[in-house]
Amino acid sequence: MTERTRPEKIRCDACPVMCYIAEGKIGACDRYANQDGRIIRCDPLTVLDKRIADGGEIRPFLKSQWDGALVGDGDLFVTAVGSGTTYPDYKPAPFIVSRELDGVDFVTVVTEAIFSYCGVKVKIDTDRHLGHEGAVVRCKGEAVGLMITSEYGSQMMSLGGVDHLTGGSKSEGRVTCDALLRLCNREAVELSVDDGATVIVQAGQAPIVDDVREERMRVGCGSATIGMFAAQWQGLVDEVVIVDDHITGVVSEHQAGKVLGWPDTGIKILGRRSTPGRYFQVAQPGLGWGGTDIEDPLTILGPWNTKKGARPGLTLLMISTTGEQWGYYVLDDDLVPQPTDLPAALQPTVDLIAENCEPALCTVMFMGGAGGSLRSGVTRNPVRLTRSVQALKTQVTCGGAPTYVWPGGGITLMADVMGLPDNAFGYVPTPAIVAPLEFTISRDEYRALGGHDASVRAISDVLEHGGEYGADVRAVPRVDGTD
Ligand code: SF4
């Protein structure tokens, strides 16, 4: 009788979860596996290859073709995607790669960093009101972030952060981590705002607000729109009102109209007058005209004043900030605006507003803090790395994408997820997001800050032999703006 033996599990120590993984199985994060009794990284190490045209073929790296004489160091950039993690941080980063650029020795330290302190800032190009500033944003019913400031033509969300990841319930942390992961990997995520809208967000795609795909980003606020196009309306219509939740503009009163000698019309706008021809709060925020809640723009008009120029036959164009909604009216004998067909001569002015709107998009910026322990994978004296980054001697990239490092203490960075290779982000169930991080620095500076100089390897060696977690390599095209 043959004795049945249970396959031996081995422990992955790439994060605090410490999975025991059986032969042929993968760990809890889907990123590591037990292959032939060895822990390997399931995804290949990703190399950005300048020689592959944008949008070109993604392929396994052809090691047989590797020849330092044929492929210059500057053509290849080893990203941290698929590299493995430094955890538990007592050891050097998975790859510390030497490169010669313009005759100078550089080192790139790559590691997949585990970020408990991280989140995304989301910019959603839309006029439609998503929710009030401070409103809770939910995914699958769990609080994952909040609405923050409105920006010019966009609304902003701050999602994730350590409070949602680890400071709330287990479910809140799990859902937050999943939402962040999918947003960072450019997948679509449905979010709902308390007392606001439901929006499907996907990096690089138009937002879908309450099932309606947003098409255009406003050309400007109502006041700016008046300023930009006042001259085009002159002589074609007596009055123009740009309906906007922020600033509703009125051409006859606006400085742009005054400069052009535009006559008064006796119009009355029901809103809080800011300066001439600029009105706040003409309605409540909503999904209607110009981000207001109105469907009939005439509701923002008060009685017309004959002493200031109102008269039967006066013509009025009302239009939203994206040019999506518009109406043309003529005052009747009782000075009531009556809807009328838009004269052909005015149509190009309406089209011009729409034409000047950009396509509405969602932008997802990953934001995280490279913590103290992660830095020890780079140098034995972590604060020196921080100082080197702050002194701009060390360049920080995220999967090859440029980052913005916040001034002040620490290494708190932001990166546009559109600049990374596909599926560059991962997670661990602690929960936390795993993001690729590369530090590029001159060899001299690396030595000076106490770097793990003995672990520096030639790029050819990395491509040939891989690292602790396997030897698979894939080459992908560089994304615009990456090293
Ligand atoms: S969750 Fe992933 S990284 Fe963490 S121990 Fe398990 S397999 Fe390794």
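Side chains are part of it too, since the values below use all heavy atoms of this structure and drop only hydrogens, waters and symmetry mates. In each ligand, atom 1 is the first atom listed, and ligand 1 is the first ligand listed.
Residues Val189 and Ile200 form no side-chain contact, since every pair of their non-hydrogen atoms from C-beta on lies 4.5 Å or further apart. Between Ser150 and Gln155 the shortest side-chain heavy-atom distance falls below 4.5 Å.
In summary, Cys15 places an N/O/S atom under 2.8 Å from atom 4 (Fe) of ligand 1, meeting the contact criterion.
Ser83 and Arg41 share no side-chain donor-acceptor pair at under 3.5 Å. Side-chain contact check for Glu438 and Thr440: no donor-acceptor pair (N or O, by modelled atom type) lies under 3.5 Å.
In terms of protein heavy atoms, atom 1 (S) of ligand 1 is closest to Pro429 CD, 3.5 Å. What sits closest to atom 7 (S) of ligand 1 on the protein, heavy atoms only, is Gly27 CA, 3.5 Å. Considering only non-hydrogen protein atoms, atom 6 (Fe) of ligand 1 sits nearest to Cys19 SG, 2.2 Å. Atom 2 (Fe) of ligand 1 has as its closest protein heavy atom Cys29 SG, 2.3 Å. Nearest to atom 8 (Fe) of ligand 1 among the protein's heavy atoms is Cys12 SG, 2.3 Å.
A donor-acceptor pair is defined here as one N or O able to donate and one able to accept, closer than 3.5 Å; such a pair exists between the side chain of Gln390 and the backbone of Gly410.
The contact set between ligand 1 and Arg31, taken as ligand atoms under 4.0 Å from a residue heavy atom, comprises 3 (S).
Less than 6.0 angstrom separates the ring centroid of Phe115 from the ring centroid of Phe366.
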